[in-house]
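The next block holds one structure in the form of structure tokens; read it before the comments.
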Amino acid sequence: MSDVSGASGEVELVQLLTPEGERLQHPEYSYSGDDDQIKGFYRDMVLTRRVDAEATALQRQGELGLWASCLGQEAAQVGSGRALSKRDFVFPTYREHGVAWCLGVDPVHLLGLFRGVDLGGWDSQKYRFHLYTIVIGAQTLHATGYAMGVERDGLVGTGDPDRDMAVVCYFGDGATSEGDVSEAFIFASSYNAPIVFICQNNQWAISEPIERQSRIPLYRRASGFGFPGVRVDGNDVLAVYAATTAALERARSGSGPSLIEAYTYRMGAHTTSDDPTKYRLADELEHWRLKDPIERVKAYLTRRGSGDEAFFADVEAEASDLAADLRTRCLALPDPHMLEFFDYVYAEQTPHLEEQKANYAEYLATFEGAEPSEEHREAEPAYGGGV
Amino acid sequence: MSDVSGASGEVELVQLLTPEGERLQHPEYSYSGDDDQIKGFYRDMVLTRRVDAEATALQRQGELGLWASCLGQEAAQVGSGRALSKRDFVFPTYREHGVAWCLGVDPVHLLGLFRGVDLGGWDSQKYRFHLYTIVIGAQTLHATGYAMGVERDGLVGTGDPDRDMAVVCYFGDGATSEGDVSEAFIFASSYNAPIVFICQNNQWAISEPIERQSRIPLYRRASGFGFPGVRVDGNDVLAVYAATTAALERARSGSGPSLIEAYTYRMGAHTTSDDPTKYRLADELEHWRLKDPIERVKAYLTRRGSGDEAFFADVEAEASDLAADLRTRCLALPDPHMLEFFDYVYAEQTPHLEEQKANYAEYLATFEGAEPSEEHREAEPAYGGGV
Amino acid sequence: MTMLTMAKALNAGLRRALEADPKVVIAGQDVGKLGGVFRVTEGLQKDFGEHRVIDSPLAESGIVGTAVGMALRGYRPVCEIQFDGFVYPAFDQIVSQASRLHYRSRGLLKMPIVIRIPYGGGIGAVEHHSESPEAYFCHTAGLKVVTCSNPVDAYWMIQQAVASDDPIIFFEPKRRYHERAEVDESASPVPLHSARLVRPGTDVTLIAYGPMVKTCLDAAEAATEEGRDLEVIDLRTLSPLDMAIVLESVQKTGRAVTVHEAQLNLGLGAELAARITEQCFYSLEAPVLRVAGFDLPYPPSRVEEEYLPDLDRVLDMVDRSLAY
Amino acid sequence: MTMLTMAKALNAGLRRALEADPKVVIAGQDVGKLGGVFRVTEGLQKDFGEHRVIDSPLAESGIVGTAVGMALRGYRPVCEIQFDGFVYPAFDQIVSQASRLHYRSRGLLKMPIVIRIPYGGGIGAVEHHSESPEAYFCHTAGLKVVTCSNPVDAYWMIQQAVASDDPIIFFEPKRRYHERAEVDESASPVPLHSARLVRPGTDVTLIAYGPMVKTCLDAAEAATEEGRDLEVIDLRTLSPLDMAIVLESVQKTGRAVTVHEAQLNLGLGAELAARITEQCFYSLEAPVLRVAGFDLPYPPSRVEEEYLPDLDRVLDMVDRSLAY
Ligand SMILES: Cc1ncc(C[n+]2csc(CCOP(=O)(O)OP(=O)(O)O)c2C)c(N)n1
Ligand SMILES: Cc1ncc(C[n+]2csc(CCOP(=O)(O)OP(=O)(O)O)c2C)c(N)n1
Ligand SMILES: [Mg+2]
Ligand SMILES: [Mg+2]
């Protein structure tokens with residue numbers, strides 16, 4: 001019988017920067033950027049972490065209903081996000097705040113969904129960053145279909161970097177169990193779609209460890225569907241950048257899909273509604289803290305002398321400003337009005353909804369211009385809602 | 001990146017009996033049965049083929065609404081069916097007439113679904129052969145759940161052949177694309193369920209060739225989910241028997257799931273509603289005709305002198321009797337009555353259905369004992385229905 | 001004017017849609033070389049190529065989910081679900097994805113997807129091949145649902161559905177695929193989301209759609225023998241419902257009977273009954289009565305003619321309505 | 001007598017079910033160590049082991065599909081779908097598989113499966129976490145559907161559902177998880193498939209279930225200020241509906257208003273309206289009126305209190321009913 005990977009030992013992990021900040025070489029994946037670019041990664045990661053921390057704080061203070069933190073996954077997100085060209089298109093889950101940052105999405109847009117003022121507050125076509133998808137795995141098919149469209153548009157394999165493009169799709173370790181993800185692999189393979197699947201294996205799907213979803217390393221899932229997979233150190237921004245760059249080139253050149261397993265760790269709770277002490281040990285967290293994605297870049301830059309005190313302080317200051325600004329703008333996010341949602345259901349409005357809207361407007365008017373009395377509203381329970 | 005199998009050449013196919021009827025040895029899979037057993041296989045395959053042909057004829061004559069022929073797949077079905085112990089349990093698709101035969105299901109029971117008198121006419125628990133499942137892939141999860149139950153019952157890995165048991169689940173090449181099948185692989189692997197997945201790759205899913213579903217051999221799908229897979233010559237009853245026996249032992253001993261890809265060919269139409277000349281070439285059929293599963297066993301037995309004229313004639317005669325009997329009993333299958341179906345919906349009947357049934361009975365009574373007038377019934381259209 | 005079966009009318013309509021807009025693509029199992037198990041897409045792959053008419057892997061969620069992605073890329077996918085009973089694996093992609101992207105994006109994203117589903121019974125098929133799942137989709141906000149009852153509507157409605165920027169579930173009554181009519185390709189069609197009075201009458205309003213329109217017309221014809229004059233409405237659009245024509249009719253006749261193959265409980269008849277009663281309370285001489293499939297999973301085909309509403313059951317219900 | 005929240009009452013009920021029958025198993029995402037995101041299964045894996053309380057891979061079709069297989073093996077699986085909006089990937093396994101095996105086998109096979117679904121809005125959650133998908137399952141023959149509105153019912157109904165040999169969708173109103181009541185573990189419960197009159201009245205019948213029962217009771221209370229005496233029925237069983245108590249009430253009051261969070265179009269209110277009108281035609285003084293979620297996908301949580309039926313909207317509809 002064919003090789004069962006569990007038996008065949010060694011799992012290779014592409015790493016170009018050790019937790020101690022030492023550069024490594026890899027026979028297949030190389031990083032050729034300069035230290036300025038690495039300083040850029042550092043800045044992106046610090047700012048992402050700061051946005052994330054501010055959002056968590058906003059949730060704690062009742063300004064957001066929920067927040068899904070990307071703490072610990074900054075390298076996986078910035079490393080892949082920065083490898084994208086201006087033409088590529090991204091399909092995220094609900095946790096890719098670092099990728100959003102790289103694509104220029106104003107962080108305040110990310111808050112809308114979690115504050116409950118909208119269902120995805122940015123122009124996804126403009127940023128080439130699709131709306132967050134909460135139903136686990138569903139976006140992998142959207143991404144694949146989009147990539148099939150790109151292929152039909154003749155935008156792969158032309159050799160012209162101003163034409164060729166690819167699609168990147170993110171999902172978690174838990175998501176790999178959903179039928180949709182396997183179907184996405186099948187369609188992508190069958191139509192040779194220009195897509196890079198990036199699985200951020202952060203070891204946990206809420207309370208379930210990766211072992212519940214797979215008994216062998218996830219990157220090997222790809223080979224069973226006929227395309228290559230690789231595991232990279234997801235806390236190593238250089239390795240993630242290198243692997244994503246290679247996979248994107250492969251996709252753009254018309255060689256089809258591939259899978260990157262970014263091996264990382266969810267340092268925080270699943271979301272602000274979750275209490276991870278119920279199911280995982282502090283030890284594990286300590287172990288991963290030593291592999292922090294930001295610290296290792298800082299160590300590298302420090303050792304190289306490319307990043308001095310002033311640089312690090314500047315980034316810190318920028319982060320503080322960003323966070324403060326984010327907070328202000330979060331609080332200023334306008335509440336939507338119920339009536340407007342009647343207009344969003346269809347591109348071509350229906351008489352039925354028009355009438356329902358009119359009736360509701362009329363009903364509201366009976367409160368003499370005022371909203372329905374607050375006293376009649378029920379208090380919100382303690383639980384703040386899922387993902 | 002990990003090996004993409006398409007590139008690495010050779011696909012191994014376990015074969016123990018060539019199309020010319022010569023025995024081969026295989027380092028991993030051996031067949032140790034005697035010629036009497038092989039004669040038994042021969043008989044099973046001939047009878048299966050004859051039942052199948054009779055059913056096709058019955059459909060042509062309007063006695064069945066539809067038939068899904070297993071012509072060409074007899075070795076895949078008999079080889080695996082005969083490897084089962086009395087304790088194992090089977091989940092079929094809609095085409096495993098040969099497996100049903102091996103498990104002692106009276107062929108007339110198979111006709112009910114296709115004649116439209118029932119929805120699966122046998123006692124599935126008694127025969128350890130679940131009802132046919134038409135929704136592609138759905139039964140793979142049922143089989144996996146059943147196997148999880150077997151494991152919970154402590155009936156694997158005891159070493160006692162009168163206790164240990166396994167589950168076998170059949171599906172087609174097309175089915176491998178359904179999300180349910182991948183999810184079944186995940187659950188089976190995660191819970192180490194005692195199950196053998198048997199994919200009869202008959203090269204076609206209605207009009208779609210296997211290349212649409214997978215660009216690499218299907219048996220390799222398993223390795224991506226963490227369990228072994230093997231491709232056997234599905235027209236070689238000995239190879240199928242040997243591989244199934246090994247996989248069943250593995251499952252019963254507590255070593256978990258495995259996948260067998262039985263490489264075979266759908267010699268007939270997809271079903272009697274289908275016209276394969278629309279999408280495939282006669283050449284291909286000719287090519288596979290030379291690999292016929294029954295002819296090679298006949299050649300082997302003849303060469304060995306184990307099967308003489310009398311033996312072959314006896315089997316033919318038995319087949320003719322079986323077919324004649326099947327035809328008689330098919331025509332005698334009683335039509336069901338609409339009223340009885342109201343009683344099958346729930347184990348605990350509801351007042352609503354009781355009332356609906358009573359109302360309908362009352363309505364029927366208004367026709368003064370007669371059924372509603374035939375003239376009001378609409379003619380059936382030409383198309384006889386799917387699968 | 002061409003004499004066409006409904007299957008051929010759909011084929012001609014799809015052909016025109018493919019010609020009219022290079023972004024229209026067709027996807028589904030066996031829609032390419034085979035032309036679909038009902039031959040609705042026959043010849044289209046040959047003429048428009050594999051990039052426009054796509055044989056899909058055997059995975060319904062994948063078919064609809066990738067269609068969502070193609071729509072985001074600017075395509076207008078027309079998916080085929082091979083039979084009614086096989087749409088359920090795609091349920092999430094239909095009711096939680098395709099239906100919501102316009103809404104979630106506050107109108108920025110469009111989802112011009114058509115999901116064609118041959119539906120309904122009466123063809124002697126095995127199980128899962130005779131279902132009428134329309135109510136599930138009508139209950140889902142963000143989807144539109146339509147069904148044709150004859151070749152002329154089939155020809156126009158499929159083109160209108162493809163041209164619409166909203167996700168549309170397009171139900172095709174498979175037992176009517178082979179019925180014929182003259183189709184005038186140069187006529188101008190009525191709007192997609194409008195019902196049609198197909199037979200005027202004064203005594204009772206029969207409200208039907210898809211396969212049951214013919215049954216109701218036959219019933220109305222038969223009823224004339226007893227001196228009864230039944231009005232028949234073909235809904236055509238199931239979501240949104242076109243209530244104006246229904247309400248006008250019931251205000252006139254004072255009586256309504258709804259007819260569909262789908263199960264009674266929470267079928268379209270329930271919504272029609274609720275709305276009609278609310279809007280015509282003082283005109284109704286009898287409660288809105290419903291003829292429907294029984295509340296059972298579809299039975300084996302040998303009893304399907306009893307399971308399905310037929311002329312007799314429609315007339316029986318008309319009698320009951322008139323008895324009030 | 002113990003004071004319990006609904007979540008704890010469900011937990012206690014499940015514990016008793018696990019104790020009563022070794023074939024009962026619980027499966028779902030995070031139901032084990034974590035005890036479920038709402039803690040309904042808290043402590044059960046610790047006490048009954050990993051073989052009885054099973055953390056499942058992240059795949060809803062897999063959870064329900066393997067439950068079907070376990071049921072065939074003689075188990076009585078209780079599946080948890082983490083939130084209402086995540087049941088759709090399991091749709092085929094629920095509506096075409098679990099619901100039909102008893103039917104297909106002419107009664108030989110039993111499907112004692114419970115699918116627990118926390119449902120409904122009002123907790124300020126992100127999208128897909130506030131849906132009310134009950135109508136889909138009520139329209140499906142072969143399933144039974146129930147929902148509890150208070151801790152006492154929760155405690156008993158979950159045990160009765162587990163003991164039933166039919167597949168049951170068990171909806172838990174998540175915004176009521178933390179409401180408390182005294183639960184008498186030694187009482188004898190009313191039958192699972194029966195509705196209950198929770199407040200007698202004479203003027204209008206309010207028909208509700210799950211989260212809306214409290215809303216209706218509050219509305220009835222508020223209505224007394226205006227001298228109105230509203231009767232409130234808690235349906236409890238959504239399929240089959242227990243119509244006897246509903247019809248009796250409407251025959252008395254002559255007026256009915258249905259209330260649910262789910263979308264109006266083809267929601268339970270439609271079926272109730274159709275049946276009530278049919279059975280109480282001559283007693284009705286007004287059409288059955290419906291309060292429901294608007295026909296939109298669930299909106300962002302900042303406007304959910306406006307989307308969801310509340311006391312004001314119920315009273316407004318009562319006024320409209322009385323105005324006939
Ligand atoms: C279809 C579906 N089922 C269940 C959920 C509830 N849920 C939200 S996140 C999550 C775990 C996801 O784990 P993983 O894929 O590893 O991503 P991570 O959250 O770790 O980034 C679950 C079960 C969901 N959102 N969608
Ligand atoms: C979910 C679902 N989708 C579509 C179909 C229609 N259909 C019936 S058989 C079939 C092809 C199956 O191919 P394969 O799995 O290779 O099995 P084979 O028929 O070749 O034995 C299709 C598409 C179905 N029965 N179920
Ligand atoms: Mg994870
Ligand atoms: Mg096949």
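We name chains A, B, ... by the order of the sequence lines, and we start the count at 1 in each one.
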So that I know where these two stand, are A:F129 and A:F91 an aromatic pair - ring centroids less than 6.0 Å apart? no

Sort A:A184 into side chain, backbone, both or neither according to what part of it lies under 4.5 angstrom from a heavy atom of chain C. neither

Between A:D180 and C:Q93, does the side chain to side chain donor-acceptor pair (under 3.5 Å) criterion hold? Intermediate values first, please. CA-CA 9 Å; A:D180 273 6; C:Q93 287 290 346; 3.0 Å; yes

Go through the atoms of C:H193 and report whether side chain, backbone, both or neither lie under 4.5 Å from a heavy atom of chain A. neither

Looking only at heavy atoms and a cut-off of under 4.5 Å, which of C:G74, C:P57, C:A27 has the most pairs with chain A? C:P57

Measuring heavy-atom distances to chain C, does A:E340 have an atom under 4.5 Å in its side chain, in its backbone, in both, or in neither? side chain

Going by distance alone, is a donor N or O of one side chain under 3.5 Å from an acceptor N or O of the other, for C:Y75 and A:D153? yes

Looking at C:K110, C:M243, C:K144, C:M111, which makes the most heavy-atom pairs under 4.5 Å with chain A? C:K144

Quick one about C:S194 and C:D242 (side-chain donor to acceptor, distance below 3.5 Å, no hydrogens or angles considered), yes or no? no

Toward chain A, the part of C:L72 with a non-hydrogen atom under 4.5 Å: both

Per-residue contact mode, C:L241 against chain A (heavy atom under 4.5 angstrom): neither

Taking the ring centre of each residue, are A:W122 and A:Y127 less than 6.0 Å apart? no

Does a sphere of radius 6.0 Å around CD in C:E248 hold more than 12 heavy atoms from other residues, nucleotides or ligands, not counting ones at 6.0 Å or beyond? no

So, do A:F225 and A:F185 have ring centers that fall under 6.0 Å from each other? yes

Side chain, backbone, both or neither: which part of A:V150 has an atom under 4.5 Å from a heavy atom of chain C? both

What part of C:D165 is in contact with chain A, defined as an atom under 4.5 angstrom from a non-hydrogen atom: side chain, backbone, both or neither? both

Identify which of A:F187, A:F341, A:F89 forms the greatest number of heavy-atom pairs closer than 4.5 Å to chain C. A:F187

For chain C, the option from A:E151, A:E183, A:M148 that forms the most heavy-atom pairs under 4.5 Å: A:E183

For the residue pair A:R95 and A:Y132, confirm or rule out a side-chain donor-acceptor distance under 3.5 Å. no

Which bit of C:A59 comes within less than 4.5 Å of chain A, counting heavy atoms only: side chain, backbone, both or neither? both

